[in-house]
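The figures here come from the full heavy-atom set of this structure, side chains too, leaving out hydrogens, waters and symmetry mates. Keep in mind the model is a prediction, meaning the values are calculated, not measured.
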Amino acid sequence: MGSLVLYQFRPAGGDITTSEFPRSRGDCAGSALSFNLHPKLQMTFDGRSHRREQVDEAYDLQVRAGLIGAAKYGAFGLGSAILAHRTWPAFQRQTLAFKGFLISIFTIYGLVSSADTALLSHENRQRLTENELRREARIDLARRGLVATESQITKWRDEHKK
């Protein structure tokens with residue numbers, strides 16, 4: 001009985017090989033691995049360059065939102081620590097390391113929550129756009145008397161992209 005191929009990986013400078021997940025971290029030691037989905041699982045309508053552009057756009061969006069969130073929440077954490085230091089004697093006795101740790105908790109929370117929120121809203125916008133495009137394709141193909149299969153929708157998208 002054959003095994004299910006879950007992913008393909010390429011050791012640094014080597015050929016693509018198909019494998020199961022590594023048993024432990026030591027199985028991958030010494031080589032930088034780049035993971036790719038199995039070709040049957042990849043999006044095929046615009047190829048890899050379109051997919052790479054989408055990933056880069058999402059990454060840039062996440063970085064910007066994360067930095068802004070980290071700055072906002074970090075400033076709030078710093079202000080709270082200053083206020084607590086000036087008004088609460090028990091907080092004044094805490095070490096500088098502990099106070100820095102509390103501020104970093106606020107900063108990290110702001111970074112993670114802002115980046116995640118931005119990515120989720122970006123994915124939602126993409127999903128809505130894709131659903132609207134597919135709805136238009138289904139309606140147009142039905143008017144032509146064609147069944148809206150994935151290949152027909154892909155052809156329709158290519159025709160209307162130009």
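Other residues, nucleotides and ligands contribute more than 12 heavy atoms inside 6.0 Å of the CZ atom of Phe91. For Arg144, the CZ atom counts as densely surrounded, since its 6.0 Å shell holds more than 12 non-hydrogen atoms of other residues, nucleotides or ligands. Within 6.0 Å of CD1 on Ile139 lie more than 12 heavy atoms contributed by other residues, nucleotides or ligands. The neighbour count for Lys72 NZ, taken as heavy atoms of other residues, nucleotides or ligands under 6.0 Å away, does not exceed 12. Heavy atoms of other residues, nucleotides or ligands lying less than 6.0 angstrom from CZ of Arg125 number more than 12.
Between the CG atom in Leu61 and the CD atom in Glu123 there is a gap of 10.0 Å [rounded to 0.5 Å]. Distance check, rounded to the nearest 0.5 Å: OG of Ser113 to OH of Tyr73 gives 5.0 Å. Residue Asn131 holds its CG atom at 8.0 Å from CZ of Arg138, rounded to the nearest 0.5 Å. Within the model, atoms CZ of Phe106 and CZ of Phe101 stand 11.5 Å from one another, a figure rounded to the nearest 0.5 Å. Rounded to the nearest 0.5 Å, atoms CG (Leu120) and CZ (Arg127) are 8.5 Å apart. For the atom pair Leu78 CG and Ser80 OG, the distance stands at 8.5 Å (nearest 0.5 Å).
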message = Go through it in stages, so that I can follow the logic: the residues are Gln92 and Arg86, the test is side-chain contact (heavy atoms from CB on, under 4.5 Å), and I'd like the CA-CA distance, side-chain angles, deciding distance and then a yes or no.
response = CA-CA 7 Å; Gln92 290 175 355; Arg86 299 217 182 251; 5.6 Å; no
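In this structure, Arg134 pairs ionically with Glu150, as a charged nitrogen and a carboxylate oxygen lie closer than 4.0 Å. Of the charged side-chain nitrogens involved, none lies within less than 4.0 Å of a carboxylate oxygen, so that Arg64 and Asp60 do not count as a salt-bridged pair. Taking the charged nitrogens against the carboxylate oxygens, Arg157 and Glu130 do have a contact shorter than 4.0 Å, which makes a salt bridge.
A donor-acceptor distance shorter than 3.5 angstrom exists from the side chain of His160 to the backbone of Trp156, with no hydrogens or angles considered. Under the 3.5 Å distance criterion, the side-chain polar atoms of Ser121 are matched with a main-chain donor or acceptor of Ala118. Judged by distance alone, the side chain of Gln62 and the main-chain N or O of Leu119 form no donor-acceptor pair under 3.5 Å.
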